[in-house]
2 protein chains.
Amino acid sequence: MPGAKRSRTTNSGPRWALASQAERFRSARAAHADETAEDYAEAIADLIAREGSARVTALAACLGVSHVTVIRALARLSRGGLVVVMPYKGVALTRAGRALAARAKHRHGVVLAFLRALGVPARVAETDAEGLEHHVSPATLRAMERFVKR
Amino acid sequence: MPGAKRSRTTNSGPRWALASQAERFRSARAAHADETAEDYAEAIADLIAREGSARVTALAACLGVSHVTVIRALARLSRGGLVVVMPYKGVALTRAGRALAARAKHRHGVVLAFLRALGVPARVAETDAEGLEHHVSPATLRAMERFVKR
DNA sequence: ACGCTATTGTAGCCAAGGCTACATGGAGGT
DNA sequence: ACCTCCATGTAGCCTTGGCTACAATAGCGT
Ligand SMILES: [Mn+2]
Ligand SMILES: [Mn+2]
Ligand SMILES: [Mn+2]
Ligand SMILES: [Mn+2]
């Protein structure tokens, strides 16, 4: 008979498969939790470098969200000790914030250069890099760097 | 004087930079919106293939979330016409659901094979692929396939 | 036939990340 | 000095995606 009835606890595949698959999903969810902080830190550092200051409105335009969304995100990052908000003056990065921005910027650059080296068109590479970067582990990042340097 | 005061509308960098950066962030957010559907479709198809049915409990174990989370996600996917839930029997994929699962599974496979080919250790590759897959555009996917086939 | 146990479902909580509409504040230009 | 405009902040709403605790039910084994 088809779908031969197996006792309720039996399951064909390898015993470790399910648990470690769950771990993979957990990792992806954890990456998403860090994503906002990374993107904000990088955007703030860029704005300060390019315009001398990072204003809430500029951040909103840059990230493609409303200023309200930025204000609330900054409040969270501030509680987390990554930024200092100076109303009507701009947002500054703390030491930890600058460190995060530097790591994010570096990784972003590597991922982008990697995609370009792979032969992905510039515009597409730029778009994909913005999402991919947050899921690139240190080991994969090293592999990408190796590849970029031929 | 340092930080030479620029008129309020001036901004150094290229004029198009901000808007298109916003577009990149919007794309990444859009990818996240599809992520749950893709992962669920793929997991359901896998469970059906491996065990003959996809039960809520099995999905929860597989995805690393509580059964409540699965039930609610399935309700949304059901409203979206991707799955049909048959209580105490299992979850079935609709035609659209099967198509999504097939695309997701293929892309996942390519991303994983690509990382392996790049020299990323198996465990790390499996973990990274779970998050990366959702941000790989068709153009990048093709580039990865090309690379895997040397 | 009946009870146990595992599966499924509900209620209600939380945080994040979006939004619009409206309120307040700063600062430049007149 | 003051007006006006823009930047900032608040109130309140929504959806997604987590969770725990508890309720209901299917179906197996006795
Ligand atoms: Mn980035
Ligand atoms: Mn990003
Ligand atoms: Mn992602
Ligand atoms: Mn995935």
Side-chain angles (χ1 to χ4, degrees), chain A residues 5-11 22 25-40 43-44 47 51 53-80 82-92 130-131 134, chain B residues 5-11 22 25-40 43-44 47 51 53-80 82-92 130-131 134:
Chain A
K5 181 183 303 183
R6 34 174 84 77
S7 101
R8 65 166 64 201
T9 55
T10 300
N11 86 34
F25 285 111
R26 278 186 228 278
S27 291
R29 289 196 294 268
H32 285 156
D34 299 336
E35 179 156 351
T36 301
E38 291 169 357
D39 285 338
Y40 272 74
I44 291 166
L47 283 172
E51 312 193 1
S53 75
R55 307 295 298 267
V56 168
T57 304
L59 271 170
C62 172
L63 299 170
V65 297
S66 74
H67 77 279
V68 183
T69 297
V70 171
I71 286 171
R72 283 211 325 203
L74 289 178
R76 232 171 313 110
L77 298 184
S78 177
R79 284 200 300 277
L82 292 175
V83 306
V84 176
V85 183
M86 297 166 303
Y88 294 97
K89 287 187 55 187
V91 183
E130 196 57 71
H134 310 283
Chain B
K5 180 182 301 179
R6 33 173 85 78
S7 100
R8 68 167 61 201
T9 55
T10 299
N11 87 36
F25 284 111
R26 277 185 228 278
S27 291
R29 289 196 292 269
H32 284 154
D34 300 335
E35 179 157 350
T36 302
E38 291 169 356
D39 286 337
Y40 272 75
I44 291 166
L47 282 172
E51 312 194 2
S53 76
R55 309 296 298 264
V56 168
T57 303
L59 271 170
C62 174
L63 299 171
V65 296
S66 74
H67 78 278
V68 182
T69 296
V70 171
I71 285 172
R72 283 207 329 196
L74 289 177
R76 232 173 310 110
L77 298 184
S78 178
R79 284 199 302 275
L82 292 174
V83 306
V84 176
V85 182
M86 298 165 303
Y88 294 97
K89 288 187 54 189
V91 182
E130 195 58 70
H134 310 284

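Chain A is the first sequence line, chain B the second, and so forth, proteins listed ahead of strands; every chain is numbered from 1.
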K.L.:
How many angstroms lie between NE2 in B:H32 and NE2 in A:H32, if you round to the nearest 0.5 Å?
P.N.:
2.5 Å

K.L.:
Whole Å only: how far is the CZ atom of B:F25 from the C1' atom of C:dG17?
P.N.:
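Answer to the nearest Å: 15 Å.
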
K.L.:
Would you indicate, yes or no, if C:dC19 has its OP1 or OP2 atom less than 4.0 angstrom from a side-chain nitrogen or oxygen of A:S66?
P.N.:
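So the side chain of A:S66 is within the cut-off, an N or O lying under 4.0 Å from OP1 or OP2 of C:dC19.
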
K.L.:
Atom CG of A:D34 to atom C1' of C:dA16: distance rounded to whole Å?
P.N.:
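Rounded to the whole Å, the gap is 13 Å.
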
K.L.:
Rounding to a whole Å, what distance do you find between A:Y40:OH and C:dA16:P?
P.N.:
13 Å

K.L.:
Write down the distance between CZ (A:R29) and C1' (D:dG18), rounded to a whole number of angstrom.
P.N.:
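Answer to the nearest Å: 8 Å.
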
K.L.:
In whole angstroms, how far is the P atom of C:dG17 from the CD atom of A:E35?
P.N.:
9 Å

K.L.:
I'd like to check B:F25 versus A:V65 (side-chain heavy atoms, cut-off strictly below 4.5 Å). Are they in contact?
P.N.:
no

K.L.:
If you take all heavy atoms of A:R26 and B:G64, which pair is closest and at what distance?
P.N.:
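Taking every non-hydrogen atom into account, NH1-O, 3.1 Å.
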
K.L.:
Please report the shortest heavy-atom distance between B:Y40 and B:T69, naming the atom on each side.
P.N.:
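Heavy-atom minimum between the residues: OH-O, 3.9 Å.
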
K.L.:
With the sugar-phosphate defined as primed atoms, P, OP1 and OP2, and the base as all remaining atoms, what B/S/- string results for nucleotides 8-16 of chain D, 5' to 3', for protein heavy atoms under 4.0 Å?
P.N.:
BBBB----S

K.L.:
Looking at CG of B:L74 and CG of B:L82, how far apart are the two atoms once the value is rounded to the nearest 0.5 Å?
P.N.:
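Going from CG on B:L74 over to CG on B:L82, the span is 10.5 Å.
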
K.L.:
What closest approach, in Å, do A:A60 and A:V70 show between heavy atoms, and which atom pair accounts for it?
P.N.:
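Minimum heavy-atom contact is CA-CG2, 3.6 Å.
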
